[in-house]
Amino acid sequence: MSPSPSEDDSDEEPSPRIPQQRIIESSEYPMRVLAGAGTGKTFTMVRKVEHLIDEHDVSPDRILALTFTNKAAASMREKLNEKLGAPGYDVNAYTYHSICHDILREYAYHAEIDPQFDVVNNADRTALIHEALDEITYRFTSPEVYGPDSHADGAAGSLLKFISTMKSKGISPSTIETFLGDADRLLELEALVDRIVDRANETVRVSWRAPSADRLEEMRDGLADLQQSIEDERTALGQTGVEQSVATFLCGMEETCTSLAELLETEEASIIDDEHKPAFRLPAYLFGTYASPPSGIPDSMSVTLTGKLRSFVEECQEAADLVAGYTAYEQRLHEASLVDFADLIGATLDLLEDPNIRAEIAGQYDYVFCDEFQDTDAVQFELVDQLADDDKLFVVGDDDQAIYEWRGAAVENIGHRLEERYETLIPETLEENFRSKQPILDVANNVIAQLEARGSEKELTAVGDAANASDGIATITAAEDDEEQAEQIATAIGRLLAGSLSDVDETYGAGDIALLVRKNRHAKPIVRALEERGIPYQLAGGLAADSVGVETVLAYLKALANPADEVSLNRVLTMRYRLHDVDLRLLNTASDSLSEALQSLPLDQFREPERVRRAREDFQALRAKREIYSVARLFRELKEQTNIDWYLSPQERRDLRTLESLIDSFGEGALQPALDESFLELLSLMESLDDSVAGVQDQAETVSDAVNIMTVHKSKGLEFPVVFLPNLSADQWEPSTRSYDTLGHTLEETAATPLDQDFEKRDEYEARRIFHVAMTRAEEQLVLVGRHADDGGVDDGDLSLSFIDSWLPEQIPWRATGASFPIWQEVTAGLPPTATDWTDEVAPIDGGVDPTISVNGESVPQSVARDRVLALARGLLNGDLDSVSPATAGFAVEALSTDGGPALSHRHSYTSLEKYSQCSRRHYLDYLVRAFEDPQRGDTGSNTVSIRDTGILFHDTAELAAKRSLTSPEKWNDVCDELGRQGSYSAGIVDQAKGCIDRYFSTEASSWEILSAERSFTLDIDGHTITGKIDAVYRNSAGNLVVLDYKATTMQRSLDDNLQLPIYLLACQQLFDERIDEAGYVYVGSVGPDMSTRTFSDDELAQCRQDLLTRLQAAEDSTFDDYTAGDHCQWCPHRSLSCSQTH
DNA sequence: TGTGTCGCCCTTTTT
DNA sequence: GGGCGACACA
């Protein structure tokens, strides 16, 4: 056990390490701690608060601790309480938003807002945005969008994004309006860009292909002309903000003209003699005269000066349109006494401008602690600054884990902004990582080492055993195709779970493994591959959003509640009943309503009447039950009646389980509502929460019994023994620019100009930090899956990007190299020598490629090795191992001889004897040799498996419930849920088991007393031993003992013609003192509910004992050679043997 | 060699 | 709707 002070809440708290201790005990403020991933930053912060209270007698209520999420605030309170007892709760642990909420409530009057204000919820905000949209007149941009169901909900989405970007930077509508000035000027600015391009066409665009000294001379003159024209444009510009910004742009262009002229002069020789020949096209390209990079200019260079300027102008134009919507939105919020999340902070800041109020509020706290400071935005920074009146400020965070810039967070807050605001700031760092092995940290350090403007040059180092570990990194070179990559990953995960990867000693459970994706869509093919292999997985909320199955079930419920809801009904008819198009049209065009048509149209009018009939009957039956059943019951009934599980994937069944738990929570007990209007309201409420059903459940983010799949962003703060990172290729990780950033940034700081930031570079940095966060989630094994981008787009004759860069003047902040993150190239270049390559091991065997594996030092193609193993297995089965030569087997075949070893031992049970009576070969294989089942995927068997699992789950439930003396169906259901979760049964199995419970409770047996459950016995019959388990022994209402066996199958069993019940009774005679002669079956499967028992006379039992003896003796003599072929062969797990071939 | 056109796909998310 | 890559043309 490593002394990990991080997340774990193990009983004994570890003691802080030296650097942590120094921070905890320090009395110096303001202090900033840059704490790397897994270095225990929250631990240190909590301990520091404790230290203040314990050692310095600071009153807990004088301490303010700010975090980002409610969850984090709650956990901090909890931890403090654990350590300090009740005073721990007196520490003011807030989120950045919740403290503002409280302040505004108290000072609403001063803040001039309605004291009854509410925080706007998603639904209301969407409504307000839509109203605000009406106020926008589109002069420059068009509101058209590509589809209402896509992520950014079109016009509303872009307005919302605009507003929240501006608000997070504290920029008001009027600031924007002032900056933009008259709309006509914006049109004029667009024309200005066109004029520059036109001018460039006249001055620097050339038609000749080969440069000469004269031509270059001519072009230098052209550049001078162009520069003059730009200068003229610049001096004609007005004084508004935009125009000044454009003026700065133009300055940069003029500089570029000078610089390019210089290039043509100094490099004249190399341009003429071919080395830098394409440089003569550079001016024309940079000033926008080419639609795409001409030959010689690398395709990857997408930066042109005019392009940059144009997009800035367009951004301003769009802003000019949207600002009206911003104003209207603010207006409506105010009228409705609503504030949004950004207002909470903004209004509080306004309030704090009053020195008296500020003194009052900030005076309540002596110390201010801030967590995750790298995620704060501009207004949150100001808030903290205002509250930390005495500069007793303690800030923790990690600039290397800043991955929320795109939503307004500013990394500079924890960097130079803090340093500038607090000149006496004490910088501290934590670099000891308690989570990962050193090689993992090395790679993680690598990607961020080259970031510029980091707060400090942190380098994570492992402690304890992890520091000396040399393993921990594996790579897989991903196939081009996403599906194939998914196969590779699924294979790797499967092998990991089976413990069969050659260089991994550890065995892992599914819950130990996380798959972290950059984008949601990366998960899709991988999910499919896992599903195919039956590897359990869990998608973190959001990823499961589009579960077709859940939607279909929801539609079914809606249609039942309200048959007039034809949209839902149509959906059900299509998705579940798969009605033919023609039949659907017939139903929809009937004179009656859709639901009436479904019930009344003569079946012979349909093309596929059978499907229509099924839909009709199901719907009718369920409609009738709707009146009498509770929603929860009806839901279960629905699933059973329509057999809808059959149409769902295992994952969709899992999704359905969350829906079920939601329905259960809707109303349990006597007052359970029926499916009615109020339920529909709930449904629409759920759907309006745009993150779908999956988002509603606030379960733990991770599960322990399935592979956790989530985006990197969601994984922040979590840790897993094994982490897979797929899609590591430049084209999947490449940064892309964010909108409104140039404008937002320009408006945010008065001194800033659109020219002083290279946003693409910033995006690249963020991509690196996201990768860093992803890798530092791994404790023991990090699996990197990626490949090189198809092609850099760099031709041999191209100018190099760095050559171009060297001729771009300083005033131009962006570089031709742009934002490129050749992620796989960097990964492969920076691998530790001990990193292993799993690519061959996870290659598909049938895929044409035949990787080699090492057998006794010899390299053998995998297919050959596989054949050898199979030959060996066949030899073993047939008893002719001699036919396998020791040389090819790799070891002496004699080693397998059983001579002198223990004889195959016979252990009998009721089932084994039954198998024997069916086929003695099968008995031999299953119970003596214990052969494994044929590996071929038996599609035929899938149904029986699920019934078998259902039976097992029901039996387990019954056993546990009996042992806990539980007697109500609700309690049994609880037990069933509990076991279902532990055993990673699919949702469908749990449902079916619950159906069994329902049926059990409608039998008489459920009212009897259970004396013993799952009682194991050993019965001796003349030297032969039979073992087994008795499901249950009851005392019936007459006071007699009865042996009962639960049957979850689809068939009844005869009471007379079998040995099972007599065996149990014989066993019970030894186990119980009382006489027991009655036994029978309780049918809880689909043939039930039913129960039948009978009594056995002593004579009958004695006869059975004789029969048993005969069979036992026969079974002991059974060999592989005897077999009975028959119908049973088609279900036999050994059906690839020749004995079954005749059938 | 440069441009036109068609088809394809469409981040990251908390308060 | 729009950006981008793949191909076809002048």
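When the nucleotides dT15(B), dG2(B), dT12(B) are ranked by their closest atom to the side chain of Phe341(A), dT15(B) comes out on top. Of all nucleotides listed (dT13(B), dG2(B), dT11(B)), dT13(B) comes nearest to the side chain of Tyr404(A). Which of dT3(B), dT13(B), dT15(B) sits closest to the side chain of Ala291(A) comes down to dT3(B). When each of dG2(B), dT11(B), dT13(B) is scored by its nearest atom to the side-chain atoms of Lys714(A), the top-ranked nucleotide is dT13(B). Closest approach to the Lys519(A) side chain among dT14(B), dT11(B), dG2(B) is made by dT11(B) (side chain taken as heavy atoms from C-beta onward).
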Item checked: ring pair (Phe, Tyr, Trp, His ring centres under 6.0 Å) between Phe117(A) and His101(A), worked out -> CA-CA 10 Å; Phe117(A) 75 88; His101(A) 183 265; 5.5 Å; yes
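The separation between Asp371(A) atom CG and dT15(B) atom P is 14 Å, rounded to whole Å. When the P atom of dT12(B) is taken as reference, atom CE of Met710(A) falls 15 Å away, rounded to whole Å. One can place OH of Tyr290(A) at 10 Å from C1' of dT1(B), the figure rounded to the nearest angstrom. Following rounding to the nearest Å, Asp340(A) (CG) and dT14(B) (C1') show an atom-to-atom distance of 13 Å. Between Tyr285(A) atom OH and dT1(B) atom P there is a gap of 17 Å when expressed in whole angstrom units. Atoms NE2 (His97(A)) and C1' (dT15(B)) sit 4 Å apart, rounded to a whole Å. Counting to the nearest Å, the C1' atom of dG2(C) and the CZ atom of Arg310(A) are 16 Å from each other. With rounding to whole Å, Ile297(A) atom CD1 is found 14 Å from dT1(B) atom C1'.
Within the structure, a side-chain polar atom (N or O) of Thr711(A) is placed less than 4.0 Å from OP1 or OP2 of dT13(B). Considering only side-chain N and O atoms, Arg281(A) lies under 4.0 angstrom from the phosphate OP1 or OP2 of dG2(B).
Nearest-nucleotide positions on DNA chain B place Ile403(A) closer to the 5' end than the other of Ser98(A) and Ile403(A). Of the residues near DNA chain B, Phe68(A) and Ile770(A), the one whose nearest nucleotide (by heavy atom distance) lies more toward the 5' end is Ile770(A).
If you take CD1 on Ile103(A) and OG on Ser98(A), they are separated by 9.5 Å, rounding to the nearest 0.5 Å. Going from atom NZ of Lys716(A) over to atom CG of Asp375(A) covers 3.5 Å, rounded to the nearest 0.5 Å.
Between Phe373(A) and Phe381(A), the angle of the ring planes lies from 30° to 60°, which puts this pair in the tilted group.
Between dG2(C) and dT13(B), the distance separating the two P atoms is 26 Å to the nearest Å.
The cationic atom of Arg205(A) (NZ for Lys, CZ for Arg) lies less than 6.0 Å from the six-membered ring centre of Tyr290(A) and within 45° of the ring axis.
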